[in-house]
Amino acid sequence: MIEPELYESFSNWLDNLLENNEMPESTAAFNFNLYDEEAEGLVYAMQLIASDRFDPDDETGEWACYNIWSSEEDLFMLDFSDEEDQSFEHIQEIFTEFVNEYLENGKYKDILLGAKGIGIGHVDGDLDIIYKA
């Protein structure tokens with residue numbers, strides 16, 4: 001279940017990125033990179049990248065390494081220190097729920113859905129493809 005306040009914060013972050021940055025014409029896919037942050041507690045950050053490649057069969061996410069645009073240090077962060085389940089799988093599930101909700105109802109969802117695909121995953125791990133055109 002998505003907490004409305006947390007989703008609103010995520011949605012505002014993504015709205016700002018998509019409204020204030022023109023995505024390159026060669027964008028084939030987007031990926032939401034997840035990072036564990038060097039911070040007190042269990043903090044994870046999300047970064048948006050655009051890639052000029054997409055391979056729906058590549059679960060390693062090699063295609064996402066070819067980014068042509070990135071939100072760089074403009075990250076969306078959440079502290080999972082108080083979560084009962086602190087597994088990375090649970091953390092990725094929470095972030096995926098946010099992205100899926102945005103793809104359904106987000107202000108600039110058409111920019112993301114205009115790509116061939118959208119992935120999400122830890123920057124040092126495998127990706128889950130959450131959308132294919």
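- Hydrophobic clustering (side-chain heavy atoms under 4.5 Å, transitive across Ile, Leu, Val, Met, Phe, Trp, Tyr) groups V99 together with L17.
- Between the side chain of S71 and the main chain of Q47, no donor-acceptor pair closer than 3.5 Å is present.
- Counting heavy atoms from C-beta on, the side chains of K132 and F54 come closer than 4.5 Å.
- Results of the ring-ring contact (aromatic ring centres under 6.0 Å, His included) test with Y44 over F88, F98, F95, F76 single out F88 as the only residue that passes.
- No continuous path of hydrophobic side-chain contacts links I94 to Y35 [ILVMFWY only; heavy atoms under 4.5 Å].
- The residue from E5, E101, M46 that alone fulfils the side chain to side chain contact (heavy atoms under 4.5 Å, CB included) condition with F10 is M46.
- Connection of W13 to I130 is established within a shared hydrophobic cluster, with ILVMFWY side chains joined at heavy-atom distances below 4.5 Å, either directly or through further cluster members.
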Under 3.5 Å donor-acceptor pairs involving side-chain atoms of residues 106-125, not counting sequence neighbours:
residue, atom, partner, partner atom, Å
Y108, OH, E19, OE1, 2.8
K109, NZ, E104, O, 2.9
H122, ND1, D124, N, 3.0
H122, NE2, D36, OD1, 2.9

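- F30 is linked by a ring-ring contact (aromatic ring centres under 6.0 Å, His included) to nothing, counting only residues two or more places apart in sequence or in another chain.
- Between P56 and I129, the shortest heavy-atom distance links the atoms O-CG1, 4.0 Å.
- When all heavy atoms are compared, the tightest approach of A64 to I49 is O-CD1, 3.5 Å.
- In this structure, L103 is a member of the same hydrophobic cluster as L6, with clusters built from ILVMFWY side-chain heavy atoms closer than 4.5 Å.
- Between the Q86 side chain and the S81 main chain, a donor and an acceptor come within less than 3.5 Å of each other.
- For D82, the CG atom counts as loosely surrounded, since its 6.0 Å shell holds 12 or fewer non-hydrogen atoms of other residues, nucleotides or ligands.
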ask   = What's the verdict on side chain to side chain contact (heavy atoms under 4.5 Å, CB included) for L18 and Y102, showing C-alpha distance, side-chain angles and the deciding distance?
value = CA-CA 12 Å; L18 296 172; Y102 194 90; 3.9 Å; yes

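- Hydrophobic cluster membership differs between L48 and W63, with clusters built from Ile, Leu, Val, Met, Phe, Trp and Tyr side chains linked at under 4.5 angstrom.
- Environment of CD in E3: sparse, with no more than 12 heavy atoms of neighbouring residues, nucleotides or ligands closer than 6.0 Å.
- Here the shortest heavy-atom pairing between I68 and S26 reads CD1-OG, 3.3 Å.
- Between M77 and D79, every side-chain heavy-atom pair lies at or beyond the 4.5 Å cut-off.
- Between the side chain of N16 and the backbone N or O of N12 there is no donor-acceptor pair closer than 3.5 Å.
- The closest side-chain heavy-atom distance from N21 to W69 is below 4.5 Å.
- With a 4.5 Å cut-off on side-chain heavy atoms, T96 and F32 do not count as touching.
- Note: L78 CG to S9 OG = 7.5 Å, rounded to the nearest 0.5 Å.
- The two residues L127 and G61 come nearest to each other via the heavy atoms CD1-CA, 3.3 Å.
- Looking at residues two or more places apart in sequence or on another chain, you find no ring-ring contact (aromatic ring centres under 6.0 Å, His included) involving Y131.
- Annotation: side chain of Q92 is in contact with side chain of L34 (closest heavy-atom distance under 4.5 Å).
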